[in-house]
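Worksheet for the structure shown next.
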Amino acid sequence: MAIVQKPRLTPVASCARDFSQSRALQPKAHELIPGGAHTYAKGDDQYPEQAPAFIVRGKGCHVWDLDGNEFIEYGMGLRAVTLGHAFEPVVEAAYKQMQLGANFTRPAKIEVDAAEAFLEIIDGVDMVKFAKNGSDVTTAAVKLARAYTGRDLVAICGDQPFFSTDDWFIGTTEMNAGIPDATTQLTLKFRYNDLDSLRGLFDQHPGKIACAVMEAEAVTPPVPGYLNQVKELCEQRGAILIFDEMITGFRWHLGGAQKFHGVIPHLSTFGKAIGNGFAISALAGDRQIMRLGGLDHDQPRVFLLSTTHGAETHALAAAIETVRIYREHGVVECLWRQGEQLQALLQQSIGENRLEGFFEVFGRPCNLVFGTRDQNHERSQPFRTLFMQELIRQGVIAPSFVVSFSHSDADIERTAEAVHEALVIYRKALDEGIEKYLKGRAVKPVNRRFN
Ligand SMILES: Cc1ncc(COP(=O)(O)O)c(C=O)c1O
């Protein structure tokens with residue numbers, strides 16, 4: 001393989017990584033914060049024992065941990081940082097706005113500017129309301145759909161992993177402690193790419209389902225016509241179609257997966273990439289539905305996303321600048337191109353290590369993820385841990401291979417080299433036993449019932 005024959009580049013060069021300062025801080029983090037982190041997906045149980053525990057700074061796609069170790073990072077900020085860490089034009093735009101004030105008694109003018117910039121890029125959408133988290137806007141979409149239809153039940157795509165931290169969704173997961181059964185029973189599940197399963201729910205609960213909530217695409221693409229048929233079915237049954245564009249938005253296409261697939265839902269929700277890591281999310285959609293959150297109707301009023309920090313001005317400035325950069329610099333094309341390059345190199349390395357059926361890379365190039373299987377071809381968390389451990393040893397943090405605009409050709413090549421080395425160990429672990437290579441406990445899924 002051409003890549004592995006090249007001289008090694010720093011920081012991949014094998015060096016014993018010292019995590020002593022990270023180790024020393026971990027007990028305090030767990031003493032002060034349940035889970036040791038404010039987001040479960042970043043927690044210690046999601047990473048190998050031999051991993052940086054705290055990041056101190058980032059630039060582009062590189063980060064530095066508490067001990068001064070440098071890494072190339074993937075899936076940055078849980079896919080929020082699509083341009084790069086500390087991306088100067090965005091930081092500058094946010095900083096300029098901060099100097100004018102973060103929050104006022106009446107709306108800031110920038111609220112209208114940001115709405116205009118957002119609505120220009122999302123086709124067929126009339127109105128938008130901003131918030132801080134993806135969960136909040138998806139929950140707001142569900143509330144709006146319930147108010148508009150006068151129905152209580154919600155149908156979610158059961159093959160897709162996450163829609164919200166709120167009870168209507170988390171109640172359906174393993175980690176549902178504290179959520180009343182009565183709430184969970186209002187959420188039903190249908191299968192992706194299986195129109196009959198959604199039709200079946202509508203048949204079983206006639207006139208009761210307010211909305212269908214789904215990602216237009218997660219790992220599996222829609223079969224031709226499927227998304228249009230879902231929309232038609234929802235309209236026939238008087239329900240609202242909601243696309244969760246948290247991951248697909250600003251990644252599949254600047255106009256979201258709805259633009260990519262040419263199907264406009266009634267409501268859609270965006271977050272993550274909108275502000276390149278600044279906290280901003282959006283609920284967008286059809287005026288007839290969105291206006292229930294407004295002042296110009298005679299229906300019962302919907303309490304729609306009205307929070308103290310919802311329109312924090314510098315996050316809006318960051319979003320406007322992010323949209324400008326996307327439009328002027330072909331960011332989405334770059335995400336696909338860099339992902340394609342990486343995918344090709346990873347496939348080559350999988351072949352060379354005879355790992356077909358054991359280590360898989362899948363998803364769209366702009367959103368690559370990997371799957372790990374053991375010697376019996378069963379999904380394996382220990383093998384996931386081993387793979388991440390070996391990458392970290394060589395200076396790459398990769399819970400996925402989701403690229404950003406800042407992943408240069410050199411970063412991609414360096415990553416491919418690190419992956420090749422990690423897969424050599426993976427092969428040996430399959431042949432000789434994982435105990436010989438895995439240092440410490442395995443990672444665990446976030447949404448589990450017990451620790
Ligand atoms: C598809 C999807 N929807 C919704 C959310 C929730 O977004 P947030 O974490 O900003 O509340 C996530 C978060 O990972 C997500 O992946």
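Values below: all heavy atoms of this structure, side chains included; hydrogens, waters and symmetry mates excluded. Ligands are counted one by one from 1 in listed order, and the atoms in each one are counted from 1 as well.
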Decide whether a cation-pi geometry holds between Arg17 and Phe71; the criteria are a distance under 6.0 Å from NZ or CZ to the six-membered ring centre and an angle within 45° of the ring axis. yes

So which protein heavy atom does atom 10 (O) of ligand 1 come closest to, and at what separation? Gly134 N, 2.8 Å

Which heavy atom of the protein is the closest neighbour of atom 12 (C) of ligand 1, given with residue, atom name and distance? Phe162 CD2, 3.6 Å

Heavy atom under 4.0 Å from ligand 1: found in Arg79's side chain, backbone, both, or neither? neither

Hey, is NZ on Lys132 packed in by over 12 heavy atoms from elsewhere, all under 6.0 Å? yes

For atom 4 (C) of ligand 1, what's the nearest protein heavy atom and its distance? Phe163 O, 3.2 Å

Closer than 4.0 angstrom, basic N to acidic O: yes or no for Lys272 and Glu245? no

Any N or O on Lys272 sitting closer than 3.5 Å to an N or O of ligand 1? yes

Proximal atoms of ligand 1 relative to Glu215 (non-hydrogen, under 4.0 Å): 1 (C)

For Lys59 and Ala86, which heavy atoms make the closest approach, and how far apart are they? NZ-O, 2.9 Å

Atoms in ligand 1 with a heavy atom of Ser135 nearer than 4.0 Å: 6 (C), 7 (O), 8 (P), 11 (O)

Closest protein heavy atom to atom 3 (N) of ligand 1, given as residue, atom name and distance to 0.1 Å: Asp244 OD2, 2.6 Å

Numbered atoms of ligand 1 (with element) below 4.0 Å of Ile247, judged on heavy atoms: 16 (O)

Can a donor-acceptor pair be found between the side chains of His266 and Gln288 at a distance below 3.5 Å? no

Test item: Gln46 side-chain N/O and Lys444 main-chain N/O as donor-acceptor pair under 3.5 Å: yes

Geometric N/O contact Thr138 with ligand 1, under 3.5 angstrom: no

For Glu321, is there an ion pair with Arg324 - N to carboxylate O distance below 4.0 angstrom? yes

